[in-house]
Every structure is written in C-alpha cells, then in structure tokens.
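Convention: sequence-line order gives letters A, B, ...; per-chain numbering from 1.
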Amino acid sequence: METLELGAREAELIAARRENLAALRSMGADPYAITRFNVTAKASELQRRFTDLPAGEHRAEHFAVAGRVMLLRGQGNIAFADLWDESGKIQLFLKSDVVGKVRLKAFQRYVDRGDLLGVQGRIARTKLGELSLLVEQYDVLGKALAPLPDKWHGLVDVERRYRQRYLDLAVNPEVRDVFLMRSRIIAEMRRFLEARNFVEVETPVLINIAGGATARPFQTHHNALGLDLNLRIATELYLKRLVVGGIERVYEIGRIFRNEGIDTKHNPEFTMMELYAAYWSYEEMAQFTEELLAHLVAMVTDGGNTLAYGERTLDFRRPFKRIKYLDALREYGGYARADLLDVEPAVRIAESLGIPKPPSHTHALDKIFETVVEPHLVDPTFVMDIPVLLSPLAKRRADDPQLTERFELFIANMEACNAFSELNDPDDQRGRFEEQARDRDAGDAEAPPPDWDFIAALEVGMPPTAGIGIGIDRLVMYLTNQQSIRDVILFPLQRPITER
RNA sequence: GCGCCCUUAGCUCAGUCGGUAGAGCACCGGCCUUUUAAGCCGUGGGUCCUGGGUUCGAGUCCCAGAGGGCGCACCA
C-alpha cells in the first residue's frame, strides 16, 4: 500500500516524537537497541498482592514491570504515569529524589504517551491511595512515533478499529479482554475434549470437492498441478473418513470459508469445531453439548449458569429446552406435517409469508422455519428430528424415515450447533448425493457435487456415530456478550483502501 | 446485490437559512513537589472522503464514485 500523505498536524506530532527519540539516542538510551527486559511482576499481580498496603506507605521489595505508557500527568518536580501491561494497569510515581533530577527531566521531556517502558522500583501507595511503582530506574523499550487515539474516548471509529486492530487492542482494554477470553474459551474446550479422549486432527483446507455443507466455496488454483481447487466449506466428510479409519473420537477446530454475504452474524472465514464420536447417537451428543456449554458458561461467569446477552438473559441450566421440528412449526405457525413435507403446500406457505418464489422445497421449508420459529428461540433450545430433505448427511429415524436423528441448537435466535446421528448407509448416502447433483444441475450453486470417495469410505464401514458442528465465533459472541461477529474476529474482512 | 445513514484538526465531535472553519483533549512553549480523563497561561495546527455540477459564493444543495455502519437478500 502507498504511504498515505500525512496532514500537517500529524506530521508535526510525529516529528516531535522523532526529536524525543533522537534525544534518547544521544543520551545513549536508544529504545530500539534494547533486546530484553527482565519482567518480575505483572500490573494486576501487584494490585492483588498489595491491596492492604496503606496510603502513604511503601514496601522494600523491588519489582520490574513493563508496558505501555497510557497517561502522563503532574509535570512538576514529580511525575505520574499509567503503565498498562497485558494484565492491567499500575501507576508510575517518579520523584526527583528517587529517580534523579536529570532522569526525571528526561522522562518529562522525552517519554511520550504510547511509549513502551520498562521500570524498576519499590511498591508504594500514594497519599491519595493509588498503588504505584516508585520508579528508581526506567528504560524506553520501544518508541511510539504515531500519536495514540484520545485518552478518554479511546479509538471509536469502527472502521479503524477493524483495520488497525493493534490500535484498538492497545487503547481499548475491554476489546483485548474479549480476545483473551476467546483464547481461554478455545483452550478450555480443548481441555474438555482431551479429558474425554477426543483426538484433535487437521484436515485439508484446499480441496477438490467442497462438500459437507451447502454453501458457495471460494475458488483457487494450484499452479504446479494445474489444478482448480476450493477452500473447504466444512470439515465433515474428512473427519468421518477418520472415524472409518478407526479414530473413534475425533475433532477439528478449524477455519472454514463460505463465499457469502457479510453481516453481524457472518464473516466469510470463520472457525468451526466439528466433533465425531463413534457409538454415540444424537441423544448422547445433545447431552454432551449441554455439558460442554454449561461448563463454558460456568467458566466465564465464575460458576454461573446464565449469560447476559444484550438486553436478554440466556438460561443455560440443564437440561436445555427441547422441541421437535414439526411440533415447533405447529405450535408457532399452526402448520400441519403434510403442509410442510409436501412440496406444493410448503411453497404456498412460504409465499404467504412473503418469501419470494422459493427455488426448492428445501429452501421453502428452511425459510418457513426461520420466519415462524426462530424468533421464539431465545434460551438454548434443541430443535429435534429435522426432516431428511434438509439433512443430506443425517441418519433417518427408524420409526419415521422422513425425519432424521438430527438437532440444531438455537441460542438468542441464532443457530449455534448442528448435530446428528451420522448416515453410515452408503447406499442411502449415494442416493442423497445424486439428489444434490440433480439440484446442482438444475442451477443450485450451493448444492455440493458428489464426493464419491466418501461413499467408498462408507462402504468400508463406519460405526454408528454422532457428530456436531459448533460455530466458535458465535459461541464466543454469547460468552463475551458481543453483538457483532466482527468483534470476536481479530481481523474481519474489509475492503482494501484504494488510493485517495 | 438493494435500501437508509455516516465520512470535518492526531483523537472525540459541533458547524443554524448557502456568506472568511469551530470546541475539548492531544501536541508545542512557559510556570508548578501527590496526580487519577483533569494544575494554570499561551502558540500553532484543515485535501471539510474523492471527482464533477449549480451558484457571485458550497463543509452545507445536486450528480457520480470510494470506504464504513445498519437493515434486507444469501448464509452459519
């Protein structure tokens, strides 16, 4: 990208900081020459450890803390600064009789807001009660040449927050907290699965046939092989191949890509956890899902079982609510089974709901459900026994072959999980692939082409298996109370800035 | 892809009916020995997103474009 031209004011702000950098260098304190700093304490650790230190007193112990200078004040013969590290904030207290007159002056003249600082000193509490590091020695460990956003408002401009996430993270601690929590959630999920003997694997991202879901793939090309490839839209078909191979409990937390629109609930690349357990049915999977989610809710709420999400409170007490797919449509829409499972009446209902000419029975039924039922599903709710025509990879119910052993878990009107007893009958699977191939030929760009090798795998024999997909980004949205998926993805897709 | 809204100083934002571009913070200079966004005084700082148009005159009105937000469509 071309360097954007700077306004006169901005150039002046940067020049002032460059002068301070030059001054530090001439003092033999080149910030960029330093390669290490021995940190002995984190800010929050000190805050915790010295809660009882009375105002006006100090302790003999020395600590070394490093972080970014976020506020500077009291520019007399005394100086205060707020130093933020990853854990939190500690005030720096510089007095000329402790740090030295020359060093204090240099601090006041050459240290700018935003600089990275390593400090050493004793711990003290000021007269006004603020825990502080009484600085004896400081080093500028990295110079901030660019001026930081407003100290009070922080960085507000949404576009810049996403494009320059480093700034967002540096000045908005609550944003950093969300992403640190995202990391903890995923780590905890891995521990939870590890404890239950699940094996984590990685399957291909670049694939020939993008199956396992209905979505448009991103297309790419391998030069050496002269091969057109797609980015995966799901991990499902590869993970089930592994179950065939004898990995009985397997999962992948991976990025998947769907070439669709962008809004507060969708990003073109997102993270999905898909998991398969041999010898489980969707019943065991539903129970497992409750345990996992309740566990994560307890983690983020210190043992609680509800989540504040926007204006609402979500109840994660087990067992979660359950409703059968067809019962939900009858309850909320008054529709009978035959109205939904036959094409013509389903299309008529869809049209009566204002859905513009549904291209297929599948689409019509999906839209009816979305319009009629989804708005009611606030607390975590399992929607059970979804029709086979919406479920090309799920096993039919033995007592009702038009339905499958499949559930979707809805939370706050969003689909959070999709799970089923996996279809392991190769002949039935072949038939459904052929059905999708007909849809594809009829112009449905989202219907995947058949993956014949997957059929070959099923012919080797797959045990009865249950699988689930959980959208990690949405899960993190609930657990961190974020209303936009972009606020749980570090670098959400943005258009590039063209030359101005 | 469609509709509505937004884009003004480094940051956060005002800008009336079309009449010479504003504030707070930051920066810079000076003074100050306990600050918490936050002592006091002073100086400087603008591609009003871009390009056209209307007008004696456009930040303001019109057209086109760029980027963003929200909603719809698609999807999870």
Side-chain angles (χ1 to χ4, degrees), chain A residues 4-17 19-20 55-56 70-82 89 91-98 101 104 108-109 112-114 124-132 134 144-163 167 171 213-216 233-234 256-272 354-356 359 363 366-367 370 408-410 414-418 445-446 469-475 477 483-486 492 494-500:
Chain A
L4 295 176
E5 269 187 58
L6 301 175
R9 187 74 272 237
E10 186 172 17
E12 211 177 305
L13 293 170
I14 291 171
R17 284 155 179 266
E19 281 173 28
N20 292 341
M70 293 303 288
L71 281 176
L72 292 161
R73 54 182 175 268
Q75 297 293 304
N77 282 323
I78 198 165
F80 295 92
D82 285 354
K89 178 192 102 175
Q91 177 171 271
L92 306 181
F93 183 10
L94 291 91
K95 295 164 81 166
S96 57
D97 59 338
V98 176
K101 219 169 189 148
L104 177 66
Q108 290 168 338
R109 293 196 67 85
D112 294 299
R113 178 163 176 269
R125 195 173 288 282
T126 60
K127 272 199 302 207
L128 292 183
E130 182 77 18
L131 191 72
S132 308
L134 190 54
L145 295 177
L148 245 48
D150 192 90
K151 65 178 175 183
W152 178 240
H153 301 94
L155 181 61
V156 173
D157 179 52
V158 177
E159 180 178 351
R160 263 190 95 192
R161 286 188 43 230
Y162 298 150
R163 285 192 197 278
L167 267 183
V171 306
T214 54
R216 263 175 238 228
I233 58 173
I256 68 177
F257 308 86
R258 296 186 183 176
N259 207 338
E260 305 287 353
I262 298 174
D263 61 28
T264 50
K265 297 178 181 66
H266 301 86
N267 194 63
E269 53 179 308
F270 62 104
T271 303
M272 179 96 100
I355 294 149
H363 186 267
D366 227 14
K367 284 286 138 192
E370 190 181 301
E408 291 186 303
L409 179 65
F410 285 85
M414 270 195 289
E415 186 190 335
C417 307
N418 177 26
E446 286 172 2
I470 302 177
I472 297 295
D473 312 276
R474 289 185 178 180
L475 185 64
M477 285 170 70
Q483 309 302 312
S484 170
I485 200 167
R486 288 181 215 110
Q494 303 271 216
R495 282 193 169 90
I497 303 174
T498 49
E499 212 174 317
R500 303 202 198 209

> Would A/Gln483 and A/Met477 satisfy side-chain contact (heavy atoms from CB on, under 4.5 Å), going step by step from the backbone distance to the final call?
Replying inline: CA-CA 7 Å; A/Gln483 309 302 312; A/Met477 285 170 70; 5.7 Å; no

>> So if I take every side-chain heavy atom of A/Ser484 and compare against B/rU35, B/rC70, B/rU33, which nucleotide ends up nearest?
In response: B/rC70

> Hey, which of these two, A/Val156 or A/Glu370, hits RNA chain B nearer its 5' end, going by closest nucleotide?
Replying inline: A/Val156

>> Regarding A/Glu415, tell me which of base, sugar-phosphate or nothing describes its non-hydrogen contacts under 4.0 Å with the strands shown.
In response: sugar-phosphate

> Could you give the CD-to-P distance, from A/Glu159 to B/rC49, as a whole number of Å?
Replying inline: 13 Å

> Is there a donor-acceptor pair under 3.5 Å between the side chain of A/Arg163 and the backbone N or O of A/Arg495?
Replying inline: yes

Pick out the pairs of N or O atoms, protein on one side and nucleotides 1-4 of chain B on the other, that lie under 3.5 Å.
none

> Between A/Arg486 and B/rG69, is there a side-chain N or O to OP1/OP2 distance below 4.0 Å?
Replying inline: yes

> Between atom CG in A/Leu71 and atom P in B/rA26, what is the gap in whole Å?
Replying inline: 10 Å

> What nucleotide, of B/rU35, B/rC74, B/rC28, holds the atom closest to the side chain of A/Asn20?
Replying inline: B/rC28

> Taking the side chain of A/Leu13 as heavy atoms from C-beta outward, which of B/rC70, B/rA37, B/rC27 is closest to it?
Replying inline: B/rC27

>> Measuring to OP1 and OP2 of B/rG29, would you say a side-chain N or O of A/Arg109 lies under 4.0 angstrom away?
In response: yes

> Do the side chain of A/Asp473 and the main chain of A/Thr271 share a donor and acceptor less than 3.5 angstrom apart?
Replying inline: yes

> Out of B/rG68, B/rU12, B/rU35, which nucleotide sits closest to the side chain of A/Gln91?
Replying inline: B/rU35

>> Whole angstroms only, please: what is the CG-P distance between A/Leu72 and B/rU34?
In response: 17 Å

> With a 4.0 Å cut-off on heavy atoms, is A/Arg161 in touch with a base, just the backbone sugar-phosphate, or nothing at all?
Replying inline: nothing

> Under 3.5 Å, is there an N or O donor on one side and an acceptor on the other linking the side chain of A/Asp263 and the base of B/rC72?
Replying inline: no

> With a non-hydrogen cut-off below 4.0 angstrom, is A/Arg163 in contact with a base, only sugar-phosphate, or nothing?
Replying inline: sugar-phosphate

> With respect to the phosphate group of B/rC74, does any side-chain polar atom (N or O) of A/His363 fall under 4.0 Å of OP1 or OP2?
Replying inline: yes

> Starting at the 5' end of RNA chain B, which residue's closest nucleotide do you reach first, A/Gly129 or A/Arg113?
Replying inline: A/Arg113

> How is A/Gly261 classified with respect to the nucleic acid when contacts are heavy atoms under 4.0 Å: base, sugar-phosphate, or nothing?
Replying inline: base

> In Watson-Crick or G-U wobble terms, both distances under 3.5 Å, what is the partner of B/rC31?
Replying inline: B/rG39

> For A/Ser132 and B/rU34, is the shortest distance between a side-chain N/O and OP1 or OP2 below 4.0 Å?
Replying inline: no

> Whom does B/rG3 pair with, Watson-Crick or G-U wobble, provided both distances fall under 3.5 Å?
Replying inline: B/rC70

> Are A/Arg73 and A/Gln91 close enough, and set up right, to give a side-chain hydrogen bond (donor to acceptor under 3.5 Å, both in side chains), and what steps lead you there?
Replying inline: CA-CA 11 Å; A/Arg73 54 182 175 268; A/Gln91 177 171 271; 2.6 Å; yes

>> Before you tell me yes or no, could you show the steps for A/Phe93 and A/Ile78 under side-chain contact (heavy atoms from CB on, under 4.5 Å), namely the whole-Å CA-CA distance, both residues' side-chain angles and the distance that decides it to 0.1 Å?
In response: CA-CA 8 Å; A/Phe93 183 10; A/Ile78 198 165; 3.2 Å; yes

>> Rounding to an integer number of Å, can you tell me how far A/Phe257 CZ sits from B/rA76 P?
In response: 17 Å

> Which part of the nucleic acid, if any, lies within contact of A/Phe93, taking any heavy atom under 4.0 Å across all strands shown: a base, the sugar-phosphate backbone alone, or nothing?
Replying inline: base

> Out of B/rC28, B/rC11, B/rU35, which nucleotide sits closest to the side chain of A/Glu130?
Replying inline: B/rU35

> Looking at B/rC70, B/rU12, B/rU34, which one has an atom nearest to any side-chain atom of A/Thr264?
Replying inline: B/rC70

> Would you say a side-chain N or O of A/Lys151 is under 4.0 Å from OP1 or OP2 of B/rC25?
Replying inline: no

> Between atom NZ in A/Lys265 and atom P in B/rC70, what is the gap in whole Å?
Replying inline: 10 Å

>> I'd like to know if the side chain of A/Arg258 and the backbone of A/Ile233 have a donor-acceptor N/O pair within less than 3.5 Å.
In response: yes

> Is there a Watson-Crick or G-U wobble partner for B/rA64 with both distances under 3.5 Å, and which nucleotide is it?
Replying inline: B/rU50

>> Can you check the distance between B/rC11 and B/rG71, where both ends of the measurement are the P atom (answer in whole Å)?
In response: 27 Å

> Which nucleotide sits closest to the side chain of A/Ile78: B/rC11, B/rC27, B/rU34?
Replying inline: B/rU34

> Is the shortest side-chain N/O distance from A/Arg73 to OP1 or OP2 of B/rC40 below 4.0 Å?
Replying inline: no

>> If I pick the P atom on B/rC62 and the same atom on B/rA26, what distance separates them, to the nearest angstrom?
In response: 38 Å

> Which whole-number value in Å describes the distance from A/Trp152 CH2 to B/rA37 C1'?
Replying inline: 5 Å

> Mind checking who B/rA14 pairs with, Watson-Crick or G-U wobble, both distances under 3.5 Å?
Replying inline: none

> Base, sugar-phosphate, or nothing for A/Lys101, non-hydrogen atoms under 4.0 angstrom?
Replying inline: nothing

>> One pair to check against side-chain contact (heavy atoms from CB on, under 4.5 Å): A/Met70 and A/Lys151. What are the steps and the verdict?
In response: CA-CA 7 Å; A/Met70 293 303 288; A/Lys151 65 178 175 183; over 6 Å; no

>> Could you tell me how far apart A/Ile470 (CD1) and B/rA76 (P) are, to the nearest whole angstrom?
In response: 16 Å

>> Could you tell me how far B/rG51 sits from B/rG59 if I compare only their P atoms? Round to whole Å.
In response: 12 Å

> Which listed nucleotide (B/rG68, B/rC11, B/rA38) is nearest to the side chain of A/Arg160?
Replying inline: B/rC11

> Given atom OH of A/Tyr162 and atom P of B/rC70, what is their separation to the nearest angstrom?
Replying inline: 7 Å

> Out of B/rU36, B/rC27, B/rU12, which has the shortest distance to the side chain of A/Asp150?
Replying inline: B/rU12

>> Please classify the nucleic acid contact of A/Ser96 as base, sugar-phosphate, or nothing, using heavy-atom distances under 4.0 Å.
In response: nothing

> Just checking A/Asp97: base, sugar-phosphate only, or nothing, at a heavy-atom cut-off of under 4.0 Å?
Replying inline: nothing

> Can you check side-chain hydrogen bond (donor to acceptor under 3.5 Å, both in side chains) on A/Glu446 and A/Thr214, steps first, answer last?
Replying inline: CA-CA 5 Å; A/Glu446 286 172 2; A/Thr214 54; 5.0 Å; no

> Would A/Ile256 and A/Phe270 count as a side-chain contact (heavy atoms from CB on, under 4.5 Å) if you check the C-alpha gap in whole Å, the side-chain angles of each, and the deciding distance to 0.1 Å?
Replying inline: CA-CA 6 Å; A/Ile256 68 177; A/Phe270 62 104; 3.5 Å; yes

> Where the side chain of A/Asp112 is concerned, which of B/rC28, B/rU35, B/rA76 is the nearest nucleotide?
Replying inline: B/rC28

> Between A/Glu415 and A/Lys265, is the closest basic N to carboxylate O distance under 4.0 Å?
Replying inline: no

> Checking all strands, does A/Gly154 fall into the base, sugar-phosphate, or nothing category for heavy-atom contacts under 4.0 angstrom?
Replying inline: sugar-phosphate

